[in-house]
Amino acid sequence: MSTAHRLALENKNIRADMVEASTFVPQSVKYGVQSVPLTVINETEKLLGTLPMEKVLEAIEKL
Amino acid sequence: MALFDEKVSSQLKGILGGMKGRVNLVYFTQEFECGSCHDTRLFVEEIAGLSDKLNLTVFDIVKDKEKAEYYRVDKIPAIVVLDEKDNDTGMKFYGLPGGYEINSFMKSLIEASGVKEAIPEPIMKRIAAINKDVHLQVFVSLS
């Protein structure tokens with residue numbers, strides 16, 4: 001979570017939400033959340049697990 | 001009745017003592033609070049009470065609709081982290097940042113206050129180069 005938040009802090013184009021899965025069931029179902037953490041990028045790309053910043057950046061750069 | 005016992009309060013206070021600038025927190029709930037909104041409000045009120053550098057404003061997602069739109073809040077409970085000038089840091093917490101996530105929450109407050117770990121220059125450059133809108137949603141668990 002901290003990685004996503006740090007990215008948001010460093011660049012105004014990025015915003016990052018922590019979403020508590022069991023509180024927000026419709027959203028969890030929508031994105032097929034089976035295990036956490038799950039990072040959803042722009043409502044389309046999904047990355048499973050805790051990721052180093054480079055991996056999240058790579059996925060963002062590929063958008 | 002306090003949410004945190006003395007030991008935990010003391011630890012959290014210690015962590016918050018590392019804040020540099022002030023941080024403004026905005027919390028969205030609604031008049032007829034569901035359990036989760038109620039619990040999260042108590043949580044954020046208690047945390048805000050642990051430091052003079054934390055300020056909390058509570059809004060109603062229905063009555064304060066324009067604020068919700070301004071901060072891009074689309075569900076509740078929502079905690080929005082602003083810097084001391086009320087600029088949006090881009091960091092939000094939907095739901096109670098409890099369990100392990102309390103560490104993420106504390107870290108975000110420290111970082112928003114201006115205390116950040118160094119990031120290698122090549123990575124900083126890549127972050128700065130992102131020029132499209134990016135919305136990250138990290139689904140986490142309370143346990």
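Numbered from 1 within each chain, the chains take letters A, B, ... in sequence-line order.
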With hydrophobic residues grouped by side-chain heavy-atom distances under 4.5 Å, do B:Leu56 and B:Ile102 end up in a single group? yes

Residues which pass side chain to side chain contact (heavy atoms under 4.5 Å, CB included) with A:Glu43, listed by chain and number, not counting sequence neighbours: A:Tyr31, B:His135, B:Gln137

Heavy-atom contacts under 4.5 Å, residues 70-88 of chain B to chain A: B:Arg72, B:Lys75, B:Ile76, B:Pro77

With heavy-atom distances below 4.5 Å as the criterion, would you say the side chains of B:Phe105 and A:Met18 are in contact? no

More than 12 non-hydrogen atoms from neighbouring residues, nucleotides or ligands closer than 6.0 Å to NZ on B:Lys116, yes or no? yes

After noting the C-alpha distance and the side-chain angles of B:Ile130 and A:Leu57, does the key distance pass the side chain to side chain contact (heavy atoms under 4.5 Å, CB included) rule? CA-CA 9 Å; B:Ile130 293 163; A:Leu57 272 174; 3.4 Å; yes

Residue A:Glu54 versus chain B: region with a heavy atom under 4.5 Å: both

Gap separating the CZ atom of B:Arg126 from the CD atom of A:Glu61, nearest 0.5 angstrom: 4.0 Å

Minimum heavy-atom distance between B:Glu117 and A:Arg6, given as atom pair plus value: O-NH1, 2.9 Å

Honestly, the part of A:Leu63 sitting under 4.5 Å from a heavy atom of chain B is both

pair A:Ile14-B:Leu136: side-chain heavy atoms closer than 4.5 Å: yes

Heavy-atom closest contact (A:Ser2 atom, B:Lys107 atom, distance): OG-CD, 3.5 Å

Answer yes if B:Phe4 and B:Leu109 sit in the same cluster of Ile, Leu, Val, Met, Phe, Trp and Tyr residues linked by side chain heavy atoms under 4.5 Å apart, and no otherwise. yes

What one should report as the nearest heavy-atom pair of B:Asn131 and A:Asn13 is CA-ND2, 3.5 Å

Atom of B:Val134, atom of A:Ile41 and distance for their closest heavy-atom approach: CG1-CG2, 4.2 Å

Under 3.5 Å: donor-acceptor pair, side chain of A:Asn11, backbone of B:Ala129: no

Going only through I, L, V, M, F, W and Y residues with side-chain contacts under 4.5 Å, is there a path from B:Val58 to B:Phe28? no

So for atom CD, which belongs to A:Glu45, do other residues, nucleotides or ligands contribute more than 12 heavy atoms lying within a distance under 6.0 Å? no

Heavy-atom side-chain contact between B:Phe93 and A:His5 under 4.5 Å: yes

Nearest heavy-atom contact between A:Phe24 and B:Gly95 is CE1-N, 3.5 Å

Greatest number of heavy atom pairs closer than 4.5 Å to chain B - which of A:Thr3, A:Val19, A:Leu9: A:Val19

For A:Thr23 and B:Ser36 the tightest heavy-atom approach is CG2-OG, 3.3 Å

pair A:Met53-B:Ile127: side-chain heavy atoms closer than 4.5 Å: yes

Quick check on the hydrophobic clustering: are A:Val36 and B:Leu96 connected, directly or via other members, by side-chain heavy-atom contacts under 4.5 Å? no

Would you say A:Leu38 and B:Tyr94 are hydrophobically clustered, going by side-chain heavy atoms of ILVMFWY under 4.5 Å? yes

Bottom line for A:Ser35: the part with an atom under 4.5 Å from chain B's heavy atoms is neither

Between B:Met124, B:Lys92, B:Glu111, the one whose heavy-atom pairs under 4.5 Å with chain A are most numerous: B:Lys92

